[in-house]
Amino acid sequence: MDNERPSTPRRVRFVPLGARALRALADGDLAGGSAEAGVALDEHFVGDRARDIFRYRAEQLAEDPSVAPWLTRAALSEPDGTVVGDAGFHGPPDEEGVVEVGYTVVPRYRRQGYARAMLAALLDRAAAEPGVRTVRATVRSDNTASLATLAGFGFTRVGERGNERDGLALVFEVPADGPRGRGRDGGRALRL
């Protein structure tokens with residue numbers, strides 16, 4: 001049952017992860033990160049990969065606090081408030097108007113429509129920003145679920161990159177104001 005598609009679209013809302021929450025999570029302090037965020041975060045938030053990402057985001061925020069509105073947020077299921085993942089941008093738009101999205105669904109909530117709900121909210125946010133022209137996503141080539149999610153929103157493959165640690169990743173883009181395809185299934189998400 002946990003891996004079946006929901007019959008009704010999912011909805012999410014976002015809770016910012018500020019500098020203190022990010023630092024606590026990077027240090028593996030789930031209780032401290034949860035207290036700073038004001039929500040009970042999942043163990044997934046202190047896994048090795050998550051800790052590396054949150055450490056990087058904490059450093060990014062320390063270097064330039066103005067990037068805070070663009071960075072990682074906890075994603076909560078609506079209306080119950082369960083933390084189902086995290087989502088955000090890698091930073092503000094670059095000089096060409098490109099922003100890159102990132103999202104992760106807590107393993108026990110995968111394949112239930114939450115990635116679509118998070119991505120819909122991120123795309124809505126990007127479309128509402130005058131300086132954003134393109135939304136980019138980089139996904140490992142073996143992440144079939146995320147590849148399918150991107151395809152549902154009209155993302156087009158524009159390249160690839162890779163390294164020894166992470167392997168091959170595919171790069172996709174979609175116009176910020178472009179059509180979103182079948183990914184827009186009516187599951188409206190609240191603004192970031």
Side-chain angles (χ1 to χ4, degrees), residues 1-17 37 39 41-42 44-45 50 53-54 57 67-94 96-140 143-158 169-192:
M1 180 85 170
D2 284 345
N3 288 330
E4 292 179 12
R5 276 195 147 168
S7 59
T8 60
R10 297 297 187 174
R11 292 174 38 111
V12 296
R13 71 178 171 93
F14 293 101
V15 172
L17 296 175
V39 294
L41 299 172
D42 185 271
H44 184 72
F45 280 69
I53 292 168
F54 294 140
R57 296 292 174 227
V67 303
W70 293 95
L71 297 185
T72 305
R73 296 163 183 278
L76 283 67
S77 174
E78 282 292 304
D80 67 336
T82 301
V83 175
V84 295
D86 64 90
F89 298 93
H90 294 301
D94 66 16
E96 295 174 2
V98 177
V99 292
E100 185 161 354
V101 295
Y103 53 89
T104 302
V105 179
V106 171
R108 72 175 162 271
Y109 297 109
R110 290 182 180 158
R111 300 189 53 79
Q112 296 179 39
Y114 291 112
R116 286 189 309 279
M118 285 187 255
L119 185 54
L122 294 171
L123 290 170
D124 286 347
R125 164 73 192 283
E129 294 290 334
V132 177
R133 291 195 298 274
T134 304
V135 179
R136 177 176 293 150
T138 303
V139 178
R140 284 181 35 160
N143 187 342
T144 56
S146 196
L147 292 170
T149 298
L150 293 177
F153 283 89
F155 278 80
T156 301
R157 184 173 167 183
V158 297
L170 306 177
V171 181
F172 296 85
E173 291 182 350
V174 68
D177 61 354
R180 302 288 193 275
R182 69 183 181 277
R184 293 221 170 232
D185 54 8
R188 304 308 303 166
L190 302 178
R191 183 171 169 78
L192 284 174

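- Applying the side chain to side chain donor-acceptor pair (under 3.5 Å) test to T138 and every residue at least two apart in sequence or in another chain returns E100.
- With values rounded to the nearest 0.5 angstrom, R13 atom CZ is found 5.0 Å from E78 atom CD.
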Side chain to side chain contact (heavy atoms under 4.5 Å, CB included) evaluation trace for H90 with R57 = CA-CA 8 Å; H90 294 301; R57 296 292 174 227; 2.3 Å; yes
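- Counting all heavy atoms, side chain and backbone alike, P92 lies closest to V99 at C-CG1, 3.9 Å.
- In this structure, OG1 in T104 is found 11.5 Å from CG in D42, a value given to the nearest 0.5 Å.
- Remark: side-chain polar atoms of R116 are not paired, donor with acceptor, to backbone N or O of Q112 under 3.5 angstrom.
- For the residue pair V83 and V106, the shortest heavy atom distance occurs at O-CG2, 4.3 Å.
- A salt bridge is defined here as a Lys NZ or Arg NE, NH1 or NH2 lying under 4.0 Å from an Asp or Glu carboxylate O, and R133 with D177 fails to meet this definition.
- One distance of note links OG1 of T149 with CZ of R111; it measures 9.0 Å at 0.5 Å rounding.
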V139 and L170: side chain to side chain contact (heavy atoms under 4.5 Å, CB included), yes or no, with the steps?
-> CA-CA 5 Å; V139 178; L170 306 177; 5.5 Å; no
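- V132 and A126 get closest at one heavy-atom pair: CB-O, 3.5 Å.
- No hydrogens or angles considered: nothing links the side chains of H44 and R108 as a donor-acceptor pair under 3.5 Å.
- Of the possible donor and acceptor atoms, none in the side chain of R157 sits under 3.5 Å from a partner among the backbone N and O of F172.
- Between R136 and V171 there is a side-chain heavy-atom pair separated by less than 4.5 Å.
- Residues T82 and Y109 have side chains that never bring a donor and an acceptor to within less than 3.5 angstrom of each other.
- Note: L71 CG to I53 CD1 = 12.5 Å, rounded to the nearest 0.5 Å.
- What you find for G81 and L76 is that their closest heavy atoms are O-CD2, 3.5 Å.
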Stepwise side chain to side chain contact (heavy atoms under 4.5 Å, CB included) check, L119 with F153 = CA-CA 9 Å; L119 185 54; F153 283 89; 3.5 Å; yes
Go through the steps for F14 and M118 under the test side chain to side chain contact (heavy atoms under 4.5 Å, CB included), then give the verdict.
-> CA-CA 9 Å; F14 293 101; M118 285 187 255; 4.2 Å; yes
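- Residues A37 and L17 come closest through the heavy atom pair CB-CD2, 3.7 Å.
- For the pair T72 and F89, the minimum side-chain heavy-atom distance is 4.5 Å or more.
- Ring planes of F54 and F45: parallel class, angle under 30° (limits at 30 and 60°).
- Contact between V84 and S77 at its shortest, heavy atoms only, is CG1-CB, 3.9 Å.
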